[in-house]
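Counting starts at 1 for both ligands and their atoms, in listed order.
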Amino acid sequence: MSVRRLAEDQFQPAAFAFNDENAAWADKTIQKYPAGRQQSAVIPLLMRAQEQDGWVTRAAIEKVANMLDMAYIRVLEVATFYTQFQLGPVGTRAHIQVCGTTPCMLRGSEGLMSVCKSKIHHHPFERNAEGTLSWEEVECLGACVNAPMVMIGKNTYEDLTPERLAEIIDTFDAGNGASVTPGPQIDRHFSSPEGGPTSLTDEEPKKKAPAKKVATDAATAKVDAAPVPPSEAARPKSTDAETNAALKTPVTAPKAAATNAKAVEEQPGVAAPVPATAKPSLTDKNRPAGIEKPATPDDLKLISGVGPKIEGTLHELGIFTFAQVAGWKKAEREWVDGYLNFKGRIDRDDWVKQAKALAKGGEAEYIKVFGKKPR
Ligand code: FES
């Protein structure tokens with residue numbers, strides 16, 4: 001990165017003023033920002049000053065600072081930070097910024113700089129004899145995927161070869177820069193593969209709706225036949241008495257479900273149902289025993305991993321106390337974990353150990369065991 005300083009005094013004009021059109025534009029631009037935030041217009045105003053005079057002069061920096069009620073040094077900092085601002089006179093038809101950062105360097109930016117040296121001037125920031133062209137090396141301009149590249153004005157020219165850059169420079173020098181199409185200079189669209197897409201070229205895949213539909217219907221039939229619980233959202237509200245009655249329902253579902261699954265598999269042309277990754281059955285033998293809601297249920301949210309929603313679900317399952325959770329065996333933990341779709345989190349968070357501590361001595365015991373307060 002080169003040191004960026006203002007041009008020497010001999011180049012600096014005595015004053016700067018926006019022309020009428022740009023002055024009106026600047027007023028309008030400043031008004032876009034909330035009261036007290038007009039300084040946010042510093043970059044657009046500096047850029048407009050550069051577009052008007054070709055580069056950012058000291059007088060322009062001071063003018064913009066006065067317009068935005070900023071210290072000169074603050075505007076100078078902005079102007080010297082961004083390489084998009086030219087701090088000295090540049091070519092009147094093109095100033096070529098060649099990216100020399102690693103991806104572009106590996107892909108040939110040194111060759112591009114050689115072209116600039118031979119066609120414009122051996123040294124960056126020096127203009128050609130006619131004063132129409134200049135160049136510099138800059139850091140990454142964000143088009144690395146199409147390296148090597150250059151920026152001229154607000155446009156980038158990518159996937160360059162030395163030969164193509166030479167043509168572009170000649171075109172700009174002839175005053176026809178607008179005729180050069182920015183972007184990749186090879187047969188590719190933006191950063192797509194050269195020559196066109198190489199993947200996802202098919203039309204939308206044909207849907208296998210009929211088979212899927214039948215399978216879905218079959219799976220639904222299976223659900224209907226066996227007392228598998230509906231989804232959380234569709235679960236009807238039940239009274240405590242109904243819940244407790246359901247807790248005592250004998251276990252018959254797995255066999256029925258298996259029979260139905262087999263029947264589905266045997267239907268010709270019907271896809272096999274999805275393996276049982278769904279919620280385990282409420283009537284499964286491994287479901288932890290529930291109890292009726294006590295007068296003062298424990299605050300299950302003290303267990304790390306249990307929030308209000310999970311606590312509500314546990315209550316629906318008849319789980320109200322630390323002692324119940326503390327007594328869960330492995331199969332029961334797995335059942336609850338599957339029911340909550342927790343993917344092993346109950347054991348990872350060690351609900352049983354937490355519940356044991358809370359059941360034994362509340363928060364004090366929890367702190368003794370875990371060295372911190374429960375959540
Ligand atoms: S490295 Fe050249 S554009 Fe990023």
Heavy-atom distance under 4.5 Å between the side chains of Val150 and Trp135, does that happen here? no
Taking every non-hydrogen atom, the tightest pair across Gln52 and Asn22: OE1-ND2, 2.9 Å
Ligand-side contact atoms (ligand 1) for residue partner Pro103, heavy atom cut-off under 4.0 Å: 1 (S)
Under 4.0 Å to a heavy atom of Cys104 - the qualifying atoms of ligand 1, by number: 1 (S), 2 (Fe), 3 (S)
Below 4.0 Å from any atom of ligand 1, is there a heavy atom belonging to Gly142? yes
Classify the ring geometry of Phe85 against Tyr82: parallel below 30°, tilted from 30° to 60°, perpendicular beyond 60°. perpendicular
State, yes or no, whether a side-chain contact exists between Asp298 and Phe320 at a heavy-atom distance under 4.5 Å. no
Hey, is atom 4 (Fe) of ligand 1 within less than 2.8 Å of some N/O/S atom on Cys144? yes
Is ligand 1 under 4.0 Å from a heavy atom in the side chain of Cys99, in the backbone, in both, or in neither? side chain
With distance as the sole test, does Asn146 use its side chain to make a donor-acceptor pair with the main-chain N or O of Phe190 at under 3.5 Å? yes
